[in-house]
Structures are given as structure tokens and as C-alpha cells.
Amino acid sequence: MRRKISVYVDVELWERFKKHAVERVVGASRLLEELIREELGDYVDEALGAVAGSDSYELDFDPVEPKGPVSQFVRETRDERERGLLGQ
């Protein structure tokens, strides 16, 4: 089920986003949905389910100790992804 929503976005940023969607030959709504799914980790879950052959799988890994402020790393990673999506 899909629902129409309203959000407030900087006008210049929205125009750049729509242009980027056109260049990728995808609708702005569809691209926004993809970005939301990516942000929420839905694609990772779907990919792991496909590899595991079912919806039941377990991740096993050793935690990594951060070497600096995690929030700064997350912000830099998100900014880098945004620049890539907007072709900057």
C-alpha cells in the first residue's frame, strides 16, 4: 500500500534531487523510497535472506572498537553518499 505524504524540503535541494532521478530514469518518489529503505537497512535484510535461502539467518561477527567519534564517521559517510547520489 502506498500513501501520499507531505514533507518540507529545501527547494533547491528538491530540484537537484528530481534532476538526479530523471538522469537515473526513475521517478523521484521511487528513488526516495529506495533511499529510505537503504537508510533503514531493508536492502541488507533482503539480501541476507536471499543468500541464506530463507528469512531465518544469524549474523556472527566480532564487534569493532571505534578509533574516533562514531557520529563524525556516520555524518561523513552520509555526506559522501549524498554527494554521490547528487553527482557532486
Do you reckon [X] sits in the same ILVMFWY cluster as [Y], going by side-chain contacts under 4.5 Å, direct or chained?
X	Y	value
L13	V22	no
W14	V7	yes
L85	V25	no

Given side chains that start at C-beta, do those of [X] and [Y] come closer than 4.5 Å, heavy atoms only?
X	Y	value
R24	R30	no
R83	E80	yes
E39	L35	no

Might you confirm whether atom CD of E12 has over 12 heavy atoms from other residues, nucleotides or ligands at distances under 6.0 Å? no

From E76, R75, R81, residue fulfilling side chain to side chain contact (heavy atoms under 4.5 Å, CB included) relative to D79: R75

Using the side chain to side chain contact (heavy atoms under 4.5 Å, CB included) definition, which of the options V9, D10, L32 pairs with F17? L32

Is the closest basic N to carboxylate O distance between R37 and E34 below 4.0 Å? no

Distance (rounded to the nearest 0.5 Å) between H20 NE2 and E82 CD: 10.5 Å

